[in-house]
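I have placed the structure first, in the form of structure tokens, so that the comments after it can refer back to it.
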Amino acid sequence: MRSIVWFRGKDLRVADHGPLVEAAASGEVIPLFVLDPYFFAPERARDLPHRMQFLLASLAELAATLAGLGSRLLVVPGRSVEVVPRLAALWQADQVLAHRWVEPFARERDRRVAAALGRDGVAFRCFEGETLLPPGSVRTGQDGMFRVFTPFARACSARLDLQAPLAAPRRLPPLPPGLPVETVAIPTVAALGLVPNPALQTGGEAAGQGRLRAFVDGALAGYGEGRDRMDQAGTSRLSADLKFGTLSVRTVWQAVAAAAAGADGRAYLNELLWREFSHHLLHAWPELLTQPFRPAFQGFPWREDEATWTAWVEGRTGYPVVDAAARQLLAEGFVHNRARMVAASFLTKHLLLDYRRGEAHYLRWLTDGDWAANSSGWQWSAGCGCDAQPWFRIFNPVAQGQRFDPDGAYVRRWVPELAAYPTACVHEPWKAPAALQAQSGYPAPVVVHALARARFLDTAKAHLGRPALLY
DNA sequence: TTATTATTTTG
DNA sequence: AAAATAATA
């Protein structure tokens, strides 16, 4: 049996890799990565600088790891739907093994690849592993899909009889001799027209394993409280590893569960279930990437206003947490989750701008930018998603800052104009002495919180109807 | 059994 | 208010 193991950018590892283990157990193995112009065309790559840097580093390490195991990663440019069937025929492969992706465009890609391979009698086998449980397999008592997180999480927990993660192969068979190859080198960041950014997380499976160990030995104890603190390193920082599969979600789950961290561990596993929920939702409702889940939000009168949009993007709204989030995103491709929520709430509610603009901006600049998680997070924040925050709940960016960045360290780090502001007003800089405000250059707020809040409530009430009186 | 209604729950 | 489930006819 000769198998192509098709690595595809969401499983850049050798540990807990079902297709690799299966291929190695059944005979000859040809590891393949396709540089699809869908992602790697220079104009596309320039649009995704942070993700591209992490991906290329992970890919280079994967190639080295596979070489160390006695195999070799073949990197081929071209459109997946064309390249994979052609190579399978050229290499006389019996089967192509890969991990299933949940996104609608990826499912279409796989459907077309499977059809083309099938015409040549080559099997295409998609393995689970992107999620803890197969999307669509977690059902309500009435056999429907869950639309509310907590019952979904309960149903997941009831059947999380996960197998132990698969060990990495200790050896792989060499590439079949005499294979016609047309490979290229893994491109560098610079070759794609990007400037390397040393502030980004380091890609690769080894760095991911290191981050997992550091989290389990460190911030996990105290996660329940620490995860909300924007000024502390209280979160896992594993989102990019989960996005690119340098860690499998099952590996992360098992490591945290085995740490027996009590309530802190459960709090983190709950976050993994939010990721799980977003993937299962996107599988059931592919239109979530373009449409609000709640039909009442169709045609919502989002404003079109380039001035406030640009202020939000560049971190010049005059609200410190919102601006810190914006600048952290552009600088290091990561934003603390609470700052993400505050920034998203501010864009959609205070500025009344379409959540899809923010969603696209975050997807472009986040190293961990993941279609399912990003989309469901933005819809949740905007109030139009599955089990979303009710639309009449509006984050107060000042209160959020005072509570979860009490010393102002987070906002001062990312908004240096605030360095000299007294802590008492670092989240309300308009209350600082006028001379300090003038000298710092930090902008006045683009909207007044109370007025913006009232404007959103009026707009939403007119479009969506009365809010619930209770709840 | 299954459809309907009541109750509980809800990031 | 809406979803999920439990209770009931």
Side-chain angles (χ1 to χ4, degrees), chain A residues 132-133 135-159 223-230 234-236 239 263-285 288 291-298 300 321 325 335-349 355 358-359 362 370 372-397 399-400 403-404 456-471:
Chain A
L132 293 161
L133 296 166
S137 72
V138 181
R139 321 288 298 191
T140 68
Q142 303 305 307
D143 201 31
M145 291 300 295
F146 285 98
R147 299 149 191 261
V148 174
F149 172 72
T150 300
F152 171 84
R154 251 199 300 271
C156 285
S157 302
R159 46 167 292 211
Y223 181 80
E225 295 280 325
R227 64 180 178 145
D228 278 325
R229 287 291 294 266
M230 296 180 282
T235 62
S236 72
S239 51
D264 291 317
R266 284 193 297 278
Y268 180 72
L269 297 181
N270 210 46
E271 298 301 321
L272 286 186
L273 290 178
W274 273 101
R275 172 186 181 276
E276 187 81 5
F277 190 40
S278 71
H279 283 69
H280 288 229
L281 290 175
L282 182 57
H283 186 267
W285 289 284
L288 275 176
Q291 294 299 316
F293 180 80
R294 291 176 58 184
F297 272 81
Q298 295 279 358
F300 191 88
V321 173
V335 183
H336 189 285
N337 186 57
R338 181 155 295 276
R340 296 186 196 198
M341 293 192 292
V342 173
S345 172
F346 191 86
L347 181 79
T348 56
K349 292 169 179 177
Y355 75 93
E359 178 191 350
Y362 264 60
D370 169 81
N374 188 54
S375 159
S376 79
W378 273 93
Q379 291 216 27
W380 186 87
S381 289
C384 64
C386 244
D387 196 22
Q389 183 191 44
W391 58 261
F392 47 88
R393 288 203 185 154
I394 299 170
F395 273 75
N396 180 329
Q400 289 288 313
R403 185 164 168 208
F404 298 114
F456 180 80
L457 289 173
D458 287 347
T459 307
K461 193 154 75 175
H463 189 79
L464 304 169
R466 290 171 54 76
L469 296 174
L470 296 170
Y471 177 81

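Just so it is clear, the values below take in all heavy atoms, side chains as well, and ignore hydrogens, waters and symmetry mates.
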Is Gln298(A) atom CD crowded by more than 12 heavy atoms from other residues, nucleotides or ligands, each under 6.0 Å away?
yes
Give a yes or no on this: more than 12 heavy atoms of other residues, nucleotides or ligands lie within 6.0 Å of atom CZ of Arg139(A).
yes
When you measure from the side chain of Ser157(A) to the backbone N and O of Ala153(A), does any donor-acceptor pair fall under 3.5 Å?
yes
OP1, OP2 of dT8(B) versus side-chain N and O of Arg154(A): anything below 4.0 Å?
no
Checking all strands, does Trp274(A) fall into the base, sugar-phosphate, or nothing category for heavy-atom contacts under 4.0 angstrom?
base
For [X] and [N], what is the distance between atoms [atom1] and [atom2] respectively, to the nearest whole Å?
X: Lys461(A); N: dA1(C); atom1: NZ; atom2: C1'; value: 16 Å
X: Trp285(A); N: dA3(C); atom1: CH2; atom2: P; value: 10 Å
X: Phe149(A); N: dT10(B); atom1: CZ; atom2: P; value: 11 Å
X: Leu281(A); N: dA3(C); atom1: CG; atom2: P; value: 13 Å
X: Arg393(A); N: dA1(C); atom1: CZ; atom2: P; value: 14 Å
X: Asp143(A); N: dT1(B); atom1: CG; atom2: P; value: 15 Å

For the residue pair Cys386(A) and Gln379(A), establish whether any side-chain heavy-atom pair is separated by less than 4.5 Å.
no
In the structure I gave you, are the side-chain heavy atoms of Val321(A) and Phe404(A) within less than 4.5 Å of one another anywhere?
no
What nitrogen or oxygen pairs link the protein and nucleotides 4-9 of chain C at under 3.5 Å?
residue : atom : partner   : partner atom : Å
dA4(C)  : OP1  : Arg147(A) : N            : 2.3
dA4(C)  : OP1  : Val148(A) : N            : 3.3
dT5(C)  : OP2  : Gly141(A) : N            : 3.0

Going by the angle between their ring planes, with limits at 30° and 60°, are Trp274(A) and Phe149(A) parallel, tilted or perpendicular?
parallel
